[in-house]
Amino acid sequence: MSIWVTAFRAITAREALRFVHQRERFLAALVRPLVWLLVFAAGFRAALGLSIIPPYQTYITYETYIVPGLCGMILLFNGMQSSLSLVYDREMGSMRLLLTSPLPRWFLLLSKLCGATFISLLQVAAFLAVAAAFGIVLEPMGYLAVLPALMIAGLMLGALGLALSSFIKQLENFAGVMNFVIFPMFFLSSALYPLWKMQESSTLLYDICAANPFTHAVELIRFALYLQLNLPALGWTLLATVIFMALALWGYDPARGMVRRKG
């Protein structure tokens with residue numbers, strides 16, 4: 001058991017040290033959502049009317065509505081950033097060295113995933129603190145209740161990043177693949193506007209948004225911030241986590257995945 005604990009601590013500590021040494025990564029994680037919160041929200045406030053929908057029991061400002069979606073944005077971008085480091089480690093050879101250890105492959109990948117998720121939680125906490133400083137204050141107990149939802153959403157998006165990294169051969173291909181993942185997932189979701197708004201525009205787009213795992217992750221966070229549990233969102237998020245993790249394990253299987261073809 002001690003070797004498992006030691007390996008888990010070493011992998012998560014390596015993730016933390018990498019994050020500490022990349023201060024621009026922390027700033028970038030805050031700048032993106034704050035630009036949406038403080039700049040774009042001012043312009044969209046008049047264009048996007050909001051009705052009283054669960055979990056809200058009264059009218060809210062547009063800035064308040066997009067906070068859960070921006071928390072999801074941080075988790076999404078950090079999950080993809082973590083997968084980028086995996087591609088880099090594989091090119092440098094350190095990933096191959098890690099995967100040849102006697103510990104199970106699923107444990108090594110899960111340790112990497114937990115480390116990345118913990119970093120994401122720190123970034124979300126910093127964002128919520130800055131948002132509160134600008135007057136976007138949520139339910140006091142919601143800041144605690146949302147932690148499990150953030151962990152589950154972070155694990156799902158981190159697992160997606162792991163799965164993608166297993167199928168990306170070269171670091172140069174990463175940016176192109178990410179553009180076809182991050183932006184569609186974010187904009188085709190309930191992060192920036194309620195789904196009923198999308199349904200008014202296009203039924204097809206509404207169906208795509210409703211099937212988007214990121215939508216369910218955002219709704220899980222949104223309801224948790226108001227001390228409510230969205231069971232359908234929880235179920236779909238957990239299911240997506242299992243699917244993405246299974247894809248990652250398949251991709252990093254030397255007998256079948258891209259690790260073998262990479263050589």
Side-chain angles (χ1 to χ4, degrees), residues 4-5 7-12 14-16 18-19 71-90 94-96 98-121 123-124 147-169 174 177-178 180-182 184-186 189 211-221 224 230-262:
W4 290 61
V5 175
F8 180 82
R9 292 176 59 184
I11 294 173
T12 53
R14 185 171 183 267
E15 285 294 302
R18 174 177 285 170
F19 177 72
C71 291
M73 172 195 276
I74 295 173
L75 299 175
L76 175 62
F77 275 84
N78 191 70
M80 298 304 108
Q81 186 74 23
S82 178
S83 65
L84 171 62
S85 69
L86 277 174
V87 178
Y88 177 81
D89 288 346
R90 193 169 63 213
S94 55
M95 187 65 186
R96 186 179 295 108
L98 174 65
L99 295 177
T100 55
S101 71
L103 292 172
R105 193 170 300 258
W106 65 264
F107 175 77
L108 298 174
L109 293 177
L110 183 61
S111 299
K112 174 84 174 177
L113 181 58
C114 289
T117 303
F118 176 72
I119 292 171
S120 296
L121 294 181
Q123 293 173 323
V124 172
L147 286 177
L150 291 172
M151 290 180 61
I152 295 171
L155 289 172
M156 183 200 78
L157 297 169
L160 173 61
L162 283 177
L164 290 173
S165 69
S166 68
F167 294 99
I168 299 176
K169 292 183 178 181
F174 186 86
V177 173
M178 291 303 98
F180 286 100
V181 176
I182 290 180
M185 284 194 75
F186 180 69
S189 73
N212 184 357
F214 186 69
T215 292
H216 300 290
V218 169
E219 292 306 304
L220 183 65
I221 296 171
N230 189 325
L231 285 175
L234 175 61
W236 284 112
T237 304
L238 290 174
L239 177 61
T241 303
V242 173
I243 293 174
F244 294 150
M245 196 64 192
L247 285 174
L249 292 173
W250 183 87
Y252 278 102
D253 185 348
R256 291 172 294 184
M258 290 299 295
V259 174
R260 178 181 66 84
R261 292 193 286 272
K262 175 72 176 175

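When all heavy atoms of Met185 and Asn212 are compared, the pair lying nearest together is O-ND2, 2.8 Å. Shortest non-hydrogen contact noted between Ala233 and Glu219 is CB-CB, 4.3 Å. Nearest approach of Leu113 to Ala159, heavy atoms of both residues: CD1-N, 3.3 Å. Nearest heavy atom pair, residue Leu247 against residue Ala163, reads CB-CB, 3.9 Å. When every heavy atom of Asn230 is checked against every heavy atom of Pro232, the shortest pair comes out as OD1-CD, 3.1 Å. Scanning both residues, Gly72 and Leu157, for their nearest heavy atoms gives O-CD1, 4.0 Å.
Applying the side-chain hydrogen bond (donor to acceptor under 3.5 Å, both in side chains) rule to Ser120 yields the partners Asn78; only residues at least two apart in sequence or on another chain are considered. For Leu121, the side chain to side chain contact (heavy atoms under 4.5 Å, CB included) partners are Leu150, Met151, not counting sequence neighbours.
Here the CG-CH2 distance, from Leu238 to Trp236, works out to 12.0 Å after rounding to the nearest 0.5 Å. Here the CD1-OG1 distance, from Ile152 to Thr117, works out to 11.0 Å after rounding to the nearest 0.5 Å.
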Is there a side chain to side chain contact (heavy atoms under 4.5 Å, CB included) between Leu164 and Met80 once you walk through the steps? CA-CA 9 Å; Leu164 290 173; Met80 298 304 108; 3.9 Å; yes
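Checking Thr215, Leu231, Leu234 one by one against Leu220, the side chain to side chain contact (heavy atoms under 4.5 Å, CB included) holds for a single residue, Leu234. The only member of Leu75, Leu160, Leu76 that meets side chain to side chain contact (heavy atoms under 4.5 Å, CB included) when paired with Phe214 is Leu76.
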